[in-house]
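A short worksheet on the structure shown next.
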Amino acid sequence: MQPSFYEQVHQITKLIPKGRVTTYGAIAKALGAARSSRMVGTAMMHAHDPRLDVPAHRVVNHIGLLTGKHHFDNPNQMQVLLESEGIIIINDQVKDFKKLFWNPLEEI
DNA sequence: GTGTTGACCCCAA
DNA sequence: TTTGGGGCCAACA
C-alpha cells in the first residue's frame, strides 16, 4: 500500500522525542519534499484523530511559534501539552527553541 | 481536467 | 531593524 503524503508526515511526527520540537519545514525536508512544508501543516490537521497518536503539538513553524494552536479543541491545550513535557512557552513561542529543536534528518 | 486553499518558508525593500 | 509579497506543492470540490 502506498502511504499518502499525510501518512508519511504522521510517521515522522510520531518519532519526535518527548520534550523536543521540530518544524514543518524540517519534516518536509525529511520526506524529500522541502517545498511542501504547507502540506505538512495540513497533514497535522488530519492528525486530529487520536487513533493516529500524532503529537501535533510538538510541531511548530520555523521560528518556534505555535501557529497551529487554533486548530486544537482549546488553543491553550497545545501550550499545556508542551509545558507538561518540560517545554516552556512564552508569547506562543517555544523558549530555547534552537536547543529543543529535533532534526528528523539526524534521526532517520 | 481546472481552480482554490493552506497548522509554511524565503527574500527584497 | 520590521514589514510585505511571492512561491511552493499536494489534496479537495
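None of these values were measured; they are calculated from a predicted model.
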| Shortest non-hydrogen separation from A:T22 to A:A26 and the atoms involved | OG1-CB, 3.6 Å

| What is the distance, rounded to the nearest whole Å, between atom CG of A:D49 and atom P of B:dA7? | 18 Å

| field | Nearest-angstrom distance from the residue atom CD1 of A:I63 to P of C:dT1 | value | 14 Å

| remark: Minimal heavy-atom distance between A:H70 and A:P75, with the atoms involved, is CD2-CG, 4.2 Å

| Hey, does A:H57 reach any base, or is it just sugar-phosphate, or nothing, if we go heavy atoms under 4.0 Å? | nothing

| query | CZ of A:R35 versus P of B:dC10: gap in Å, rounded? | reply | 11 Å

| message | Considering every strand and a 4.0 Å limit on heavy-atom distances, what is the contact class for A:A34: base, sugar-phosphate, or nothing? | response | nothing

| message | Without decimals, in angstroms, what is the distance between A:M39 CE and C:dC12 P? | response | 8 Å

| Atom CZ of A:R38 and atom P of C:dG7: how far apart are they, to the nearest Å? | 12 Å

| query | Looking at the side chain of A:N61, which of B:dC9, B:dG6, C:dC9 is the nearest nucleotide? | reply | B:dC9

| field | Short side-chain N/O contact to B:dC8 OP1/OP2 from A:T67, under 4.0 Å | value | yes

| Are OP1 or OP2 of B:dC10 and a side-chain N or O of A:H62 less than 4.0 angstrom apart? | yes

| Can you tell me how far P of B:dA7 sits from NZ of A:K69, to the nearest Å? | 15 Å

| query | If you pin A:K29 and A:M45 to their nearest nucleotides in DNA chain B, which one's is more 5'? | reply | A:M45

| request: For residues A:G19 and A:L100, report the shortest heavy-atom separation together with the two atoms involved. | output: O-CD2, 3.6 Å

| So which one's nearest nucleotide on DNA chain C is more toward 5', A:S36 or A:H46? | A:S36

| request: For A:S37 and for A:F5, find the nucleotide of DNA chain C with the closest heavy atom, then tell me which residue's nucleotide is more 5'. | output: A:S37

| task | Indicate the atoms forming the closest heavy-atom contact of A:L31 with A:V9, along with that distance. | result | CD1-CG2, 3.6 Å

| query | Taking atom C1' of C:dA11 as reference, at what distance in whole Å does atom CD of A:E7 sit? | reply | 14 Å

| query | Atom CE of A:M78 and atom P of B:dA7: how far apart are they, to the nearest Å? | reply | 12 Å

| said: If you compare all heavy atoms of A:R20 against all heavy atoms of A:I16, which two are closest, and at what distance to 0.1 Å? | reply: O-CG2, 3.6 Å

| said: Counting the atoms with a prime plus P, OP1 and OP2 as sugar-phosphate, which does A:Y6 contact under 4.0 Å by heavy atoms, base, sugar-phosphate, or nothing? | reply: sugar-phosphate

